[in-house]
Structures are given as C-alpha cells and as structure tokens.
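The model shown is predicted, which means the values in this text are computed figures rather than measured ones.
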Amino acid sequence: MSASGREAAEQRVQEAVRRHGRARAFAEAEKVIALLLSDPGVQEARAQVDVAEAEFGRELCVRLQAFQDRYDQAVRDGDADGLAGLCAGKHGRWGRICVLPGGHETSMEEPHWGRNSEGRPIAWVGSAPDEW
C-alpha cells in the first residue's frame, strides 16, 4: 500500500472512531434524559406546564385568532411569502407552529401562539428543533 493509501485508510479509521464516539455520547445522553423525564417530579412539572400553556393559549385566542386564520389561509393558498414572514418558533415534537409574525416576542410582547397537534389553542415560551 502506498503512503497516500495508508494516510487515506488512517483518516477513514479516525473518522469512524469519531462517529462511534459521537454515537455513544448521544446514546448515553438519551438514556440520561429518559431517566430524568421519567422522574415523577419532572412529570408533574411537565403536566403543570401543559395546563398553563393550554390555559394561556385559550386566554389569547380572541386577540390572536386572526393570525391563525391568516396562517390557515396561507397554507390553503400555498402562499410561500405569507408563510415566510411567520415566526420561526416551533416545537415540532409537540406539533406546534407559531402563527405570529417574526419578531413578535419584542414587537408585540407576546409568547409563541398557535394550535397544538389536537387543534387546541396553545401559548408557549422558547422553541425547539423539529427533531427534538
């Protein structure tokens, strides 16, 4: 094997070792997160947050429903420009998409607002990527 072939093989081995290390680290992190989330105190806190988000979502519904209507219309019409101006806030895991305009947290001083996966109004603070 030539020197360049050995270098290439060594580089592939090093990259495989790095990928394996990352995969193990992610697997360990997922175990720890699952353990934490299974704690009864954490589950109770999450349940309280769910209730508060739903209640706040209902309270804001009258004032913010027009934004949901615009979002629904943009989806029906395939209006990419209308959808592009929306807030990027979402919680993909829970089926939430904020229907307020981008920058609303400061311009309107409102939390994220939209509908949950069951179609009920919900308000929340913070965001997470779709795969989280």
Side-chain angles (χ1 to χ4, degrees):
M1 182 182 278
S2 69
S4 64
R6 282 191 301 271
E7 288 174 10
E10 178 64 27
Q11 188 175 12
R12 285 192 304 272
V13 168
Q14 288 176 357
E15 185 57 35
V17 168
R18 275 191 226 105
R19 281 193 310 269
H20 178 72
R22 276 194 300 265
R24 278 187 72 189
F26 281 122
E28 285 298 315
E30 286 178 359
K31 286 180 189 176
V32 170
I33 290 168
L35 182 64
L36 289 171
L37 293 177
S38 68
D39 179 87
V42 172
Q43 290 177 350
E44 174 62 26
R46 181 68 219 167
Q48 290 174 359
V49 168
D50 288 345
V51 168
E53 288 177 340
E55 184 177 308
F56 196 32
R58 286 188 303 274
E59 289 173 11
L60 293 172
C61 192
V62 171
R63 194 166 76 238
L64 301 178
Q65 182 60 44
F67 293 100
Q68 181 70 50
D69 296 342
R70 279 186 229 145
Y71 170 81
D72 292 342
Q73 187 66 46
V75 169
R76 275 193 301 278
D77 296 347
D79 180 5
D81 291 334
L83 295 171
L86 295 177
C87 173
K90 59 187 166 189
H91 270 287
R93 184 177 197 173
W94 294 286
R96 302 174 184 179
I97 297 174
C98 183
V99 298
L100 300 179
H104 67 85
E105 300 96 335
T106 54
S107 65
M108 296 171 61
E109 296 183 358
E110 296 286 3
H112 297 296
W113 187 85
R115 302 269 175 190
N116 65 14
S117 58
E118 291 88 33
R120 291 189 289 261
I122 191 152
W124 72 97
V125 177
S127 196
D130 287 335
E131 69 277 359
W132 188 73

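Residues that satisfy the side chain to side chain donor-acceptor pair (under 3.5 Å) test with Q11, not counting sequence neighbours, are absent from this structure. In terms of the salt bridge (charged side-chain N to carboxylate O under 4.0 Å, His left out) criterion, E109 has no residue partners (sequence neighbours excluded). Not counting sequence neighbours, the partners of E118 by the salt bridge (charged side-chain N to carboxylate O under 4.0 Å, His left out) test are R120. With sequence neighbours excluded, no residue forms a side chain to side chain donor-acceptor pair (under 3.5 Å) with R6.
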Report task. Take R18 and E15, measure what salt bridge (charged side-chain N to carboxylate O under 4.0 Å, His left out) needs, and give me the verdict at the end. Result -> CA-CA 5 Å; R18 275 191 226 105; E15 185 57 35; 2.6 Å; yes
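Contact between A123 and F56 at its shortest, heavy atoms only, is CB-CD2, 3.6 Å.
Here CG of L64 is found 13.0 Å from NE2 of H112. Values are rounded to the nearest 0.5 Å.
No continuous path of hydrophobic side-chain contacts links V49 to V125 [ILVMFWY only; heavy atoms under 4.5 Å].
Put simply, the side chain of L83 reaches to within 4.5 Å of the side chain of Y71, judged on heavy atoms. Here the side chains of F67 and C98 are not in contact, with every heavy-atom distance at 4.5 Å or above. Looking at heavy atoms from C-beta onward, P121 lies out of side-chain contact with Q68 at the 4.5 angstrom threshold. Two residues are said to be in side-chain contact when any heavy atoms from C-beta on lie closer than 4.5 Å; L60 and P111 meet this criterion.
Sorted by first and then second residue, the salt bridge (charged side-chain N to carboxylate O under 4.0 Å, His left out) pairs with a member in residues 49-77 read R46-D50, R46-E53, E53-R96, R63-E110; sequence neighbours excluded.
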Could you list the donor-acceptor pairs under 3.5 angstrom formed between side-chain atoms of residues 20-40 and any protein atom two or more places apart in sequence or on another chain?
| residue | atom | partner | partner atom | Å |
| --- | --- | --- | --- | --- |
| S38 | OG | A34 | O | 3.4 |
| S38 | OG | L35 | O | 2.7 |
| D39 | OD2 | G41 | N | 2.8 |
| D39 | OD2 | V42 | N | 3.2 |

